[in-house]
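Positions are given from 1, in the same order as the sequence printed here.
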Amino acid sequence: MNTNSIKYFFQDLIPYYIPHWLEEGQIWLKRQWDKIKRNKYCQIGFILFVLSFLCFATTYFTNMFTVPMGGDYVLQMIPFAYNAYDDWHYFFQTGVFPLWDTSGFLGVNNIGAYSFYNLTSPWTLIYLIFPRNWISQIQGILQMVKITTAGLLFYCYLGSFKMQESTKRIGAIAFAFCGYIFYNLWFHFLDVVCFLPLLLWGIERVLSKKGNIVLIISICLLGFTNYFFMICFLISSMVYVFFRVIQTWKTRSGNETLRIFAEGVLGYLAGVMITAVVWIPSLKVGLNISSIRNGSNYFKQLLDAKDSLSLLKLLFVFPTSYEAAYPLSSFFFMNFNCFSSNLYRPRWYNNTMSSIFVFTPLMLMLVPSILDSIRTKKWSHLVGCFGTMLMLFTPFAYYVFFGGSALYGRWEVMASCWMIVFFLIHFENRKEMPKYYLDISIVFSITMMIITYFLADNIQKNNTNTFYDPCLLYTSPSP
């Protein structure tokens, strides 16, 4: 076949096949798009992203496509993102990862110091595919992506329970936009909190005899994103595991229980050992932090308690008694600002203060859920509910869940997860509940909100060294 023959062959072929291929491609794309539109995960993911975009749209478009929140976000998270970007680029260019960071004064253990922030976070790796001068803009978009991820993973976790599709979507939205996430937007906690539902989902899969792969993956993501929160979530999840094993005891034989126990232990150990490359170098740095030493003193005081009264006081009474009132405020009142509730005006960042606000309609499900548990004789639900309350209003969990650290309220996101599940399970039974349950709930909630308001007002008036005067719109900090 000569050159002219080949030329004429393709000239005849292209006009015939190209339109046919384009038509087939168009049909295939339409078919895939229809599948995406019908996919339940894509639907809830789209809803979550649109809602998160609406939350940040004004800030994003009026600040040159960035979300420059105040506090440590501007002081630490933005510059640290550039620092991590440079370290990873240096690693991929030279094959050598910087173990000693000299960007600040004499330098510091790079992994030990910055793995708490973003150095080994998978979110940091996303920056590497973009130019360096885009980092601040990508940070703003990733805030929306992280919130979407949090809701989507919580939606998957809720699939472990018998719930309608609409109920699971409500739960996903409630967690993605819960008070804890918005309370801590000023810092990097969202990076790791968005993976918490994956841990709970992994636990449920082990309990359902579906293997421990999801559990291992979740621990790895938590450990590489933030080893400090991994410790908190692993310790607090032990409480969840213990509760769920007992609650579902009758659904398994003795041999099956031993099997899931072995799978769970192996899953935890595998995840922890894989992430050892991060948390082992961090021990030297972390153990020298004053908050860790102070937490260790708490356990020493427990061991040295001279009598049962002293021991009970250490277990159930906060060092500063009014700190026990914080969960009341954060449950009944939505926080309107990062690291600040709308009732308390602390003069500085308060480690114990956080937010367990979930969603006002779900908040109103507290009383109906308790009454419905009694009506249906779901005693385990009551144990879980009041057990969570006990942990929220006593200091022991605050210390233990962070492995002997400061009196951190950062574990409360776990309580938010448990509350949402508890409320949603009984939300499914709302048509079977007596109508007066909701009437009681409304009266109870309004009463508690009034009590909480006056309690917060009284606490701040009597502790002006810690709080601004609530009667004043603005009071400058004490010198």
Output for pair (Ile370 CD1, Ile440 CD1), nearest 0.5 Å, gives 11.5 Å
field: Donor-acceptor under 3.5 Å (Arg430 side chain, Phe427 main chain)
entry: yes
Taken to the nearest 0.5 Å, the spacing of Arg375 CZ from Asn429 CG works out to 6.5 Å
| request: Could you label the plane-to-plane angle of the Phe189 and Phe187 rings as parallel, tilted or perpendicular, counting under 30° as parallel and over 60° as perpendicular? | output: perpendicular
Under a plain distance cut-off of 3.5 Å, with no hydrogens placed, do Thr452 and Ser329 share a side-chain donor-acceptor pair?
no
field: Thr124 side chain vs Thr120 backbone, donor-acceptor pair below 3.5 Å
entry: no
Legend entry - Full working for side chain to side chain donor-acceptor pair (under 3.5 Å) between Asp307 and Ser310: CA-CA 6 Å; Asp307 50 57; Ser310 300; 2.9 Å; yes
Ring centroid separation Phe333 to Phe357 under 6.0 Å: no
### Query
When the ring planes of Phe154 and Tyr157 are compared, do they come out parallel, tilted or perpendicular, using 30° and 60° as the limits?
perpendicular
Student check: side-chain heavy atoms of Leu364 and Pro361 closer than 4.5 Å: no
Query raised in the report: Are a donor atom and an acceptor atom from the side chains of His426 and Ser373 found within less than 3.5 Å of each other?
Result: yes
Any donor-acceptor pair under 3.5 Å from Asp372 side chain to Pro368 backbone:
no
Under a plain distance cut-off of 3.5 Å, with no hydrogens placed, do Tyr326 and Glu412 share a side-chain donor-acceptor pair? no
ring-ring contact (aromatic ring centres under 6.0 Å, His included) between Phe233 and Phe402, worked out = CA-CA 8 Å; Phe233 293 156; Phe402 272 101; 7.8 Å; no
- Please check if the side chain of Tyr398 supplies one atom and the backbone of Leu392 the other of a donor-acceptor pair under 3.5 Å. yes
Q. Any sub-3.5 Å donor-acceptor pair from Arg252's side-chain atoms to Val245's backbone N or O?
A. yes
Ignoring hydrogens and angles, tell me if any N or O in the side chain of Thr251 forms a donor-acceptor pair with the backbone of Thr248 under 3.5 Å. yes
Exercise. Would you please indicate if the ring centroids of Phe316 and Phe396 are separated by under 6.0 Å?
Key: no
Test ring-ring contact (aromatic ring centres under 6.0 Å, His included) on His188 and Phe116 and set out the steps.
CA-CA 9 Å; His188 62 291; Phe116 173 75; 5.0 Å; yes
ask   = So, the side chain of Gln460 versus the backbone of Leu343: is there a donor-acceptor pair under 3.5 Å, distance only?
value = yes
Taken to the nearest 0.5 Å, the spacing of Leu221 CG from Trp123 CH2 works out to 9.5 Å
Paired with Pro197, the side chain to side chain contact (heavy atoms under 4.5 Å, CB included) test is passed by just one of Leu153, Leu158, Leu152, namely Leu153
| query | Okay, side chain of Trp279, backbone of Val272: is any donor-acceptor separation there less than 3.5 Å? | reply | yes
task: Could you give me the CA-CA distance, side-chain angles and deciding distance for Asn335 and Ser355, then say whether side chain to side chain donor-acceptor pair (under 3.5 Å) is met?
output: CA-CA 7 Å; Asn335 48 291; Ser355 177; 3.0 Å; yes
Under 3.5 Å, side chain of Asn63 to main-chain N/O of Thr66, donor-acceptor pair present?
-> no
